[in-house]
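First up is the structure itself, then whatever we jot down about it.
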Protein chains: 2
Amino acid sequence: MKAGTDLAQIASLVGDPARANMLAALMNGAALTASELALEAGVTLPTASAHLAKLSAGGLMRMTRQGRHRYYALADHQVAGMLEVIMGVAAALGPKKVLPGPRDNAMREARICYDHLAGEMGVAMFDAFVERDLLAVNGDDVALTKRGTAFFCDFGIDLAAMQGKRRPVCRACLDWSVRRSHLAGSLGAAIFERFVALKWARREKGTRIIRFTPPGRQSFALMLRD
Amino acid sequence: MKAGTDLAQIASLVGDPARANMLAALMNGAALTASELALEAGVTLPTASAHLAKLSAGGLMRMTRQGRHRYYALADHQVAGMLEVIMGVAAALGPKKVLPGPRDNAMREARICYDHLAGEMGVAMFDAFVERDLLAVNGDDVALTKRGTAFFCDFGIDLAAMQGKRRPVCRACLDWSVRRSHLAGSLGAAIFERFVALKWARREKGTRIIRFTPPGRQSFALMLRD
DNA sequence: TTCATAGTTCGATGCTAACCGAAGTGTTGA
DNA sequence: TCAACACTTCGGTTAGCATCGAACTATGAA
């Protein structure tokens, strides 16, 4: 009985559409003001204020004052993780393909998932690698092919250093915004590092968004094609 | 906006106390009748029936008819996992140390978490391994030590077969009933398999409970100690 | 000081949904 | 065929809470 009460308490905080929209808007890790969140949720300021008070009291949010602004953010990683899991269930259950995922275009296009590229560009990259026989997919398993080994070495990645480590080299990671796989593992991380080193892309400070430079975008497209 | 709506839809299903109690009661993996769930939630049959209809329509539950009984169970693993995560957040936030976790003693002591041992015994095992320098914990990372490698080989586990696989060998998994970590990953799974092979323990059919045999319990304690 | 902006608090309103009793459906057993 | 049981559906009541406008507080700028 007690277990259910706790469960309900947290879930009901997330269970209101206005609050859920606010929480979803904060999933990129940024902190937003009360006004911005009100806009995001489609309610007036007083209503938003009441919701924010509840979320804070419930421990799901953390607030910092800065002058006359109050910035709200998710309380911690655990809360963000919980929201991801719930969205995962929602995505798996809802057969409605009506463009799920972040409203934030930049987030949907390219973002950091731990330490590798996710979003539409991440999925496109993964698909291209498989298409070109650089990666071999077998169920949930992903492995480097001979061609792939040559290709990534050529791209400037030290594959030898990854072998035999605890962390898997290739791993498929399900993208909640697109519901398709992208590349994780040490190779996924190394590729993203290389993108940054080549100045093709950089992380936007304080968020999980990845911004590609115009030339970087071009090089990226080229890399997938040939 | 759409993301928030999906989020709210699922969360609000869990967010009602009566429904949350029902879901919590089903977390041991068993299937219960509508009457039993009504009792569990503390509502009358008609009320429970309405809730169960909603949960089923929402995809969180699965129903099977058996004569004049209707058995309700959680839809799948993903749903059970989501509930675990939410309870984890609730436990982390609620400063009420009033003995959180499953009312069911057997569940709290030892249960399956995917494919490895969780619950009090799982946590005790993890602690002992770290204490004895078989595992090295560094933040969220867990790694095998040299001593650990020798120990687990000696215990009859084929560590070589795990290396280089997609799945991590060691992983820490947060236990919602005890709020401490236990061992997951392929090593965690292999250890549990070994327990079963040695007849120290077995899964109770249809539930997530793990039953240790008396000699198994003794051997287990010995294994942790020396 | 005065004005503007950001946010909270208050009071009133209205809608949703949880709830129960009573009646209805379907299954089992006699 | 009838009675008992398990469960669902229906109708009506009630309580909670999301919502908004208006008034209030606090910070910053002129």
| message | Please enumerate all residues that pass side-chain contact (heavy atoms from CB on, under 4.5 Å) together with B:K199, with sequence neighbours excluded. | response | none
| message | Please enumerate all residues that pass salt bridge (charged side-chain N to carboxylate O under 4.0 Å, His left out) together with B:R217, with sequence neighbours excluded. | response | B:E109
| Just the endpoints, please: which first and last nucleotides of DNA chain C, 5' to 3', lie under 4.0 Å from a heavy atom of chain A? | C:dA4 to C:dT9
| task | Measure across A:S12 and A:R19 and return the closest heavy-atom pair with its distance rounded to 0.1 Å. | result | O-NH2, 3.2 Å
| Using the C1' atoms of five pairs at each end, what's the angle between the two axes of the helix from C:dT1-D:dA30 to C:dA30-D:dT1, to 10 degrees? | 20°
Atom pairs, N/O to N/O, protein against nucleotides 1-5 of chain D, distance under 3.5 Å?
from, atom 1, to, atom 2, distance (Å)
D:dC5, O4', B:R68, NH1, 3.4
D:dC5, O2, B:R68, NH1, 3.4

| query | Looking at residues at least two apart in the chain, or sitting in another chain, which of them share a side chain to side chain donor-acceptor pair (under 3.5 Å) with A:T44? | reply | A:T47
| query | Of all residues at least two apart in sequence or in a different chain, which pass the salt bridge (charged side-chain N to carboxylate O under 4.0 Å, His left out) check with A:R68? | reply | none
| query | Do side-chain atoms of A:S56 reach the backbone of A:L52 as a donor and acceptor pair under 3.5 angstrom? | reply | yes
| request: Could I get the full list of side-chain contact (heavy atoms from CB on, under 4.5 Å) partners for A:A8, not counting sequence neighbours? | output: B:P17, B:A20
| query | Who are the side-chain contact (heavy atoms from CB on, under 4.5 Å) partners of A:M63, not counting sequence neighbours? | reply | A:R65, A:R70, A:Y72
| field | Annotated protein contacts, base or backbone, on nucleotides 8-19 of chain D with a non-hydrogen cut-off under 4.0 Å, one of B, S, - each | value | SB--------SS
| said: Rounded at 0.5 Å granularity, tell me how far CZ in A:F212 sits from CD in A:Q218. | reply: 13.0 Å
| field | With sequence neighbours excluded, residues passing side chain to side chain donor-acceptor pair (under 3.5 Å) with B:T33 | value | B:E36
| request: Would you mind telling me which residue lines up with the more 5' stretch of DNA chain D, B:H69 or A:R65, judged by nearest nucleotide? | output: B:H69
| note | By side-chain contact (heavy atoms from CB on, under 4.5 Å), B:A124 pairs with (sequence neighbours left out) B:L224
| remark: Of all heavy-atom pairs linking B:L93 and A:G58, the shortest is CD1-O, 3.3 Å
